[in-house]
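In what follows, a single structure is set out as structure tokens and then discussed.
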Amino acid sequence: MWVVPFPVPYNALPKVKVDLILVEYDSGKPFFRMGNGPQRLLDSGLAERLESAGHTVRIRKVLPQGTSTSEAGISFDLHAGVARAVSAAILDWSFPLVLSGNCSSALGTTAGLRAAGSAPAVCWLDAHADFNTPDTTSTGFLDGMTVATLAGR
């Protein structure tokens, strides 16, 4: 176990490999609304800041591999891609940092952690409700059901 008294200078933290996993989709559409966020984080210098602190950074973009054109089909295809990328990062002793345009990427993230033998824990900080179920949603918004899905609802 690594214990450090705080405050610790940022450059004193251990150096790690980081996989920036980009999911540039929102509601099944590429570069739509929040789907632009991952690239904006890169454009703002995220990778360079991590590298300047001594970390090794790999950038992996997740794209749908299937032929579905529906929001649900594309979303679940992306979840599978995120799961593969997260699992590969963990198995390569790299820290997976998922940059996504939608909340439901948490499904692929937790699936990837489980596939790599890690027991995921989730701390959800978001600006809207994500604990809806098909029975409680007023909009049918798939991303609004993510936390309920993670909780087995």
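The structure displayed is predicted, hence computed values, not measured ones.
One N or O on the side chain of Thr110 and one on the backbone of Ala106 form a donor-acceptor pair closer than 3.5 Å. For the pair Lys17 (side chain) and Pro96 (backbone), a donor-acceptor distance under 3.5 Å is absent. The backbone N or O of Gly37 sits nowhere less than 3.5 Å from a side-chain atom of Gln39 that would complete a donor-acceptor pair. At distances below 3.5 Å, not a single donor-acceptor pair connects side-chain atoms of Lys61 with backbone N or O atoms of Val23. Side chain of Ser94 to main chain of Ile90: no donor-acceptor pair is present (N/O by atom type, distance under 3.5 Å, no hydrogens or angles). With Asp26 contributing its side chain and Asn102 its backbone, the two residues share no donor-acceptor pair below 3.5 Å. Counting only distance, with no hydrogens or angles, the side chain of Ser87 and the backbone of Arg84 share no donor-acceptor pair below 3.5 Å. Panel note: side chain Asp19, backbone Phe95; no donor-acceptor pair is recorded below 3.5 Å. A donor-acceptor contact shorter than 3.5 Å links the side chain of His55 to the backbone of Val16. Under the 3.5 Å distance criterion, the side-chain polar atoms of Thr136 are left unmatched by any main-chain donor or acceptor of Asn132.
The side-chain heavy atoms of Phe141 and Ser27, taken from C-beta on, include a pair separated by under 4.5 Å. At a threshold of 4.5 Å between non-hydrogen side-chain atoms, the residues Glu51 and Thr56 do not count as touching. Side-chain contact between Ile21 and Val86 is present, with heavy atoms from C-beta onward closer than 4.5 Å. Side chains of Asp92 and Arg58 form a contact here, defined as non-hydrogen atoms less than 4.5 Å apart. When side chains are defined from C-beta on, Arg114 does not count as touching Ser118, because their heavy atoms never get closer than 4.5 Å. Within the 4.5 Å cutoff, the side chain of Leu20 has heavy atoms near those of the Leu50 side chain. In this structure, Tyr25 and Pro64 have side chains that are in contact, with non-hydrogen atoms separated by less than 4.5 Å. The shortest distance between side-chain heavy atoms of Glu24 and Pro30 does not fall below 4.5 Å.
For the pair Ser104 and Thr146, the tightest heavy-atom approach, listed with the atom from each and the gap, is CA-OG1, 3.2 Å. Of all heavy-atom pairs between Thr133 and Arg153, the closest is CG2-O, 3.9 Å.
For the atom pair CG (Leu78) and CG (Leu107), the distance works out to 11.5 Å, reported to the nearest 0.5 Å. Rounding to the nearest 0.5 Å places OG of Ser100 at 8.5 Å from NE2 of His79. The distance from atom CG of Leu41 to atom CG of Asn36, rounded to the nearest 0.5 Å, is 11.0 Å. Taking CD1 of Ile74 as the reference point, atom OG of Ser68 lies at 5.5 Å (rounded to 0.5 Å).
In terms of hydrophobic clustering, with Ile, Leu, Val, Met, Phe, Trp and Tyr side chains grouped at heavy-atom distances under 4.5 Å, Leu150 and Leu113 are assigned to different clusters.
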